[in-house]
Structure formats: C-alpha cells, structure tokens
Amino acid sequence: MQIGEFAKICGTKITVLRHYDKEGLLEPDYVDAFTGYRYYSDEQIPIFFRITALKKAGFSLVEIKKILASEQTNE
C-alpha cells in the first residue's frame, strides 16, 4: 500500500513515516525507483505500533532502533 494509506491506517502523518525511514526505524517494503513512492506492507503495521509504544514508554529513536534490531535478531 502507498505511504498515505499506511499513514491513515496507523493514524499518523506521512512526515512521521518519512522520518522513521530516514532514521532506519521503519523502511518501506518497496520504493519505486522511477517515482520514489514508498510502499508498505500489512506486516509492517505492528512494527509501527511497536515503535509508538516504545516512544510512549520514553525510549529515544536511537534506543528504539536498537531494540527493534535485537528483536529481529532473536526471532
């Protein structure tokens, strides 16, 4: 799904998703090389909400990136 639809489902702004992409927290599933459009998958929705929960718990984006990386390693 395109970034706008993903943002709407997650209740966030496109700018937030672009920032997360820039920070390496939540990279799009696919980026069209010609248009630069970002596409996300349904499987990324829980990741977005995990990031949101960690932010609410007081973690910084740098800390969240480390947590997500360690969770992926443990799977």
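Computation of the quantities below employed the complete heavy-atom set of this structure, encompassing side-chain atoms and omitting hydrogens, waters and symmetry-equivalent molecules.
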Quick test of your reading of the model: are Arg50 and Glu71 salt-bridged, counting only N-O distances below 4.0 Å?
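The answer is yes: the pair qualifies as a salt bridge.
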Rounded at 0.5 Å granularity, tell me how far [atom1] in [X] sits from [atom2] in [Y].
X     : Y     : atom1 : atom2 : result
Ile47 : Cys10 : CD1   : SG    : 10.5 Å
Ile3  : Ile14 : CD1   : CD1   : 5.5 Å
Ile51 : Thr12 : CD1   : OG1   : 10.0 Å

Taking the side chain as everything from C-beta on, heavy atoms only, tell me whether [X] gets closer than 4.5 Å to [Y].
X     : Y     : result
Tyr40 : Pro28 : yes
Lys55 : Ile64 : yes
Ile9  : Met1  : yes
Val31 : Tyr39 : no

Output all residues satisfying side chain to side chain donor-acceptor pair (under 3.5 Å) with Arg18, sequence neighbours left out; order by chain, then residue number.
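In terms of side chain to side chain donor-acceptor pair (under 3.5 Å), with neighbours along the sequence ignored, Arg18 is linked to no residue.
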Just grab all the salt bridge (charged side-chain N to carboxylate O under 4.0 Å, His left out) pairs involving residues 56-70, residues at least two apart or on different chains.
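Output for this query is empty, none listed.
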Would you please classify the geometry between the Phe6 ring and the Phe48 ring as parallel, tilted or perpendicular, with 30° and 60° separating the classes?
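Aromatic pair Phe48/Phe6 classed perpendicular.
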Heavy-atom donor-acceptor pair, Glu23 side chain to Tyr20 backbone, under 3.5 Å
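Side chain of Glu23 to backbone of Tyr20, a donor-acceptor pair under 3.5 Å: no, none is there.
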Can you list everything that forms a salt bridge (charged side-chain N to carboxylate O under 4.0 Å, His left out) with Asp29? Sequence neighbours excluded, please.
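For Asp29, no residue satisfies salt bridge (charged side-chain N to carboxylate O under 4.0 Å, His left out) once neighbours in sequence are set aside.
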Are there over 12 heavy-atom neighbours, none belonging to Phe59, within less than 6.0 Å of that residue's CZ?
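No, not enclosed.
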Count the heavy atoms belonging to other residues, nucleotides or ligands that lie under 6.0 Å from CZ of Phe49, then report whether that count exceeds 12.
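For Phe49, atom CZ is crowded (more than 12 foreign heavy atoms under 6.0 Å).
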In terms of hydrophobic clusters joined by side-chain contacts under 4.5 Å, are Leu26 and Leu68 together?
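Linked within one cluster.
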